[in-house]
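Each remark here refers to the structure printed beneath this line.
The structure presented is a predicted model; accordingly, all values stated were derived computationally and were not measured.
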Amino acid sequence: MFSKDSQAKLHKLLKEELGIWEQIRELTEKQTELVSSDEVDALNKSIDDRQELIEKINGLHQESDILMQSYISVSGSSGEKSAEIEALVSKIREKIVSCSQLNDKNVSSAKGVKEAVIERADDLGKKRKTIGAYAPSLPNNSEMVDKKF
């Protein structure tokens with residue numbers, strides 16, 4: 001039998017994890033906007049914040065894994081599943097899938113932005129060489145002296 005205390009603790013940990021996944025989802029949505037903008041520092045900060053949240057989830061898992069394994073073994077053999085725990089697990093799975101799909105889109109968009117920046121840089125380099133080839137030679141800055149001195 002899975003004790004009420006264990007069930008309450010598992011429920012609390014799962015609610016906390018769901019809350020963190022909701023925060024991760026919000027940050028991932030924010031990253032969608034930041035990827036297409038020029039706010040690289042804000043994007044990097046958002047990625048760091050998201051990583052911290054993932055580390056919190058990993059810490060929660062260390063605490064909840066034993067309880068979850070015990071819950072699964074007891075509920076599987078006795079058929080006594082907690083509707084609240086099952087609903088939380090289901091919501092967490094939905095958040096994970098949602099975050100993963102959105103993150104995949106963000107990564108794809110970021111790669112597109114990166115390729116566009118590289119292409120623009122190459123194009124600018126070619127234009128610069130072309131302008132340099134046709135520009136008249138200018139004297140070295142050290143040779144230019146103001147006659148007032």
Hits for side-chain contact (heavy atoms from CB on, under 4.5 Å) against Lys114, two or more places apart or cross-chain, chain-then-number order -> Ile118
Find the distance between OG (Ser64) and CD1 (Ile57) and round it off to the nearest 0.5 Å.
-> 10.0 Å
Please list, chain by chain and in numerical order, all residues satisfying side-chain contact (heavy atoms from CB on, under 4.5 Å) with Glu22, sequence neighbours excluded.
-> Leu18, Lys95
When rounded to the nearest 0.5 Å, the distance separating CD of Glu52 from CG of Asp48 is 7.0 Å
Taken to the nearest 0.5 Å, the spacing of Ile66 CD1 from His61 NE2 works out to 13.5 Å
Solution key, residues 85-92 side-chain donor-acceptor pairs under 3.5 Å, sequence neighbours excluded:
from	atom 1	to	atom 2	distance (Å)
Glu86	OE2	Tyr71	OH	2.7

Please say which of Arg93, Glu94, Gln101 ends up in a side-chain contact (heavy atoms from CB on, under 4.5 Å) with Val97.
-> Gln101
Return the set of residues passing side chain to side chain donor-acceptor pair (under 3.5 Å) with His11 (not counting sequence neighbours), or none when no residue passes.
-> none
Other residues, nucleotides, ligands: >12 heavy atoms within 6.0 Å of Glu29 CD | yes
Results of side chain to side chain donor-acceptor pair (under 3.5 Å) for Ser98 - residues two or more places apart only | Arg25
Output a table of donor-acceptor pairs, distance under 3.5 Å, between side-chain atoms of residues 105-112 and any protein atom two or more places apart or on a different chain; print 'none' if there are none.
from	atom 1	to	atom 2	distance (Å)
Asn106	OD1	Thr32	OG1	2.8
Asn106	ND2	Thr28	O	3.0
Asn106	ND2	Thr32	OG1	3.4
Ser109	OG	Lys105	O	3.1

How long is the gap from CG on Asn103 to CG on Leu27, to the nearest 0.5 Å?
-> 11.5 Å
Sequence neighbours left out, what passes side chain to side chain donor-acceptor pair (under 3.5 Å) with Asp49? Give chain and number order.
-> Lys45
Give a yes or no answer on whether the side chain of Ser37 reaches the backbone of Leu34 with a donor-acceptor pair at less than 3.5 Å.
-> yes
Joint cluster assignment, Leu60 & Ile96, ILVMFWY side-chain distance < 4.5 Å | yes
Could you grab the distance from atom CG of Leu43 to atom CD of Glu33, nearest 0.5 Å is fine?
-> 11.5 Å
Partners passing side-chain contact (heavy atoms from CB on, under 4.5 Å) against Lys56 (at least two apart in sequence or in another chain) | Ile20, Leu53
Within a strict 4.5 Å, meaning less than it, do heavy atoms of the Leu14 and Met68 side chains meet?
-> yes
Go through the structure and list residues passing side chain to side chain donor-acceptor pair (under 3.5 Å) with Ser46, not counting sequence neighbours.
-> Gln31
To the nearest 0.5 angstrom, please state how far the CZ atom of Arg50 sits from the SG atom of Cys99.
-> 6.5 Å
Among all residues two or more places apart in sequence or in another chain, which pass the salt bridge (Lys or Arg N to Asp or Glu O under 4.0 Å) test with Glu63?
-> Lys9
